[in-house]
Amino acid sequence: MTATVIVNAPAAQVFAAFLDWESQSRWIPFTTVRVVEGDGGEGSLVEAVTALGPAVLRDELRVARVDAPYEVRVVHCGKVLRGPGSMRCTPMAGERTQVVVHEWFHLPGGAAGRLAWPVLWPGSKLGFTGALKKFARLVEQGALPRPA
């Protein structure tokens with residue numbers, strides 16, 4: 001899955017907003033995000049719990065690399081979602097930033113799982129593109145990142 005958005009803000013601000021893990025709960029639908037180990041930087045363990053009615057999906061990810069303000073790499077290491085992911089910030093003219101999120105999930109359920117997950121999971125490309133648009137609005141409005 002790949003999702004992209006242009007944010008009308010400098011890359012350093014956009015990157016800091018993205019790495020404010022708990023604030024991801026504000027822009028990823030139906031999801032609560034928290035750091036469970038570490039400080040949110042390299043080596044940290046982050047948990048994202050998505051609940052839609054009775055369906056609950058717990059995603060654990062390990063922060064593998066932080067190259068501020070350009071890239072963060074993670075490894076999804078939970079029981080259901082597994083695989084690498086990355087978020088890249090590319091500075092553009094006019095203090096704009098292109099954000100590209102790549103996720104490579106090893107999905108459960110064989111062929112049926114590969115067909116069903118993109119449609120059923122709120123974190124699918126359509127859902128995550130919408131979430132990134134909300135993220136961009138929050139950054140542009142100055143609501144993200146939160147003051148230290």
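Quick caveat, the model's predicted, so the values are computed rather than measured. What's counted below: heavy atoms across the whole structure, side chains too, no hydrogens, waters or symmetry copies.
Expressed to the nearest 0.5 Å, how far NZ of K79 lies from CG of D59 amounts to 13.5 Å. A distance of 13.5 Å separates CZ of F128 from NZ of K133, quoted to the nearest 0.5 Å. Separation of atoms SG (C89) and CD (Q98) is listed at 9.5 Å; rounding is to 0.5 Å. Note: K134 NZ to R137 CZ = 7.5 Å, rounded to the nearest 0.5 Å.
No more than 12 heavy atoms of other residues, nucleotides or ligands shown are found within 6.0 angstrom of CD on E95.
The minimum heavy-atom distance linking G85 with E103 is given by the pair CA-OE1, 3.5 Å. Contact record, I6 with A136: O-CB, 4.2 Å, taken as the closest heavy-atom pair. The two residues A64 and V75 come nearest to each other via the heavy atoms CB-CG2, 4.3 Å. Taking both residues in full, the closest heavy atoms of A11 and P91 are given as CB-CG, 3.9 Å, listed atom of the first, atom of the second, then distance. Here the shortest heavy-atom pairing between R26 and A143 reads NH1-O, 3.3 Å.
Linking Ile, Leu, Val, Met, Phe, Trp and Tyr residues whenever their side-chain heavy atoms come within less than 4.5 Å leaves L45 and L19 in two separate clusters. In the hydrophobic clustering of this structure, L138 groups with V7; members are Ile, Leu, Val, Met, Phe, Trp, Tyr whose side-chain heavy atoms approach within less than 4.5 Å, directly or through other members. Linking Ile, Leu, Val, Met, Phe, Trp and Tyr residues whenever their side-chain heavy atoms come within less than 4.5 Å places L144 and V66 in a single cluster.
Taking S23 as the reference, D20, R146 meet the side chain to side chain donor-acceptor pair (under 3.5 Å) condition, with sequence neighbours excluded. Remark: E71 pairs with R65, R73, R88 by the salt bridge (Lys or Arg N to Asp or Glu O under 4.0 Å) rule, at least two apart or across chains. Every residue two or more places apart in sequence or in another chain was checked for a salt bridge (Lys or Arg N to Asp or Glu O under 4.0 Å) with R96, and none qualifies.
Contact check for E22 versus V33: no side-chain heavy atoms found under the 4.5 Å cut-off. In this structure, the side chains of V139 and F18 stay at 4.5 Å or more apart for every pair of heavy atoms. Annotation: side chain of L57 is not in contact with side chain of F30 (no heavy-atom distance under 4.5 Å). Between M87 and F15 there is a side-chain heavy-atom pair separated by less than 4.5 Å. Side chains of L132 and V101 form a contact here, defined as non-hydrogen atoms less than 4.5 Å apart. Side-chain atoms of T90 and V100, non-hydrogen and from C-beta on, never get closer than 4.5 Å to each other.
Annotation for W104: hydrophobic cluster partners, listed by chain and number, are none (ILVMFWY side-chain heavy atoms under 4.5 Å, direct or chained).
With W21 contributing its side chain and V35 its backbone, the two residues share no donor-acceptor pair below 3.5 Å. Checking side-chain atoms of T129 against main-chain N and O of A3 turns up no donor-acceptor pair under 3.5 Å.
Residue pairs meeting the salt bridge (Lys or Arg N to Asp or Glu O under 4.0 Å) criterion with at least one member in residues 37-49, sequence neighbours excluded: R34-E47, E37-R62, E47-R58. Applying the ring-ring contact (aromatic ring centres under 6.0 Å, His included) test to pairs two or more places apart or on separate chains, those with a residue in residues 47-98 are H76-F105.
T31 and T50 share a donor-acceptor pair across their side chains, judged by distance under 3.5 Å alone.
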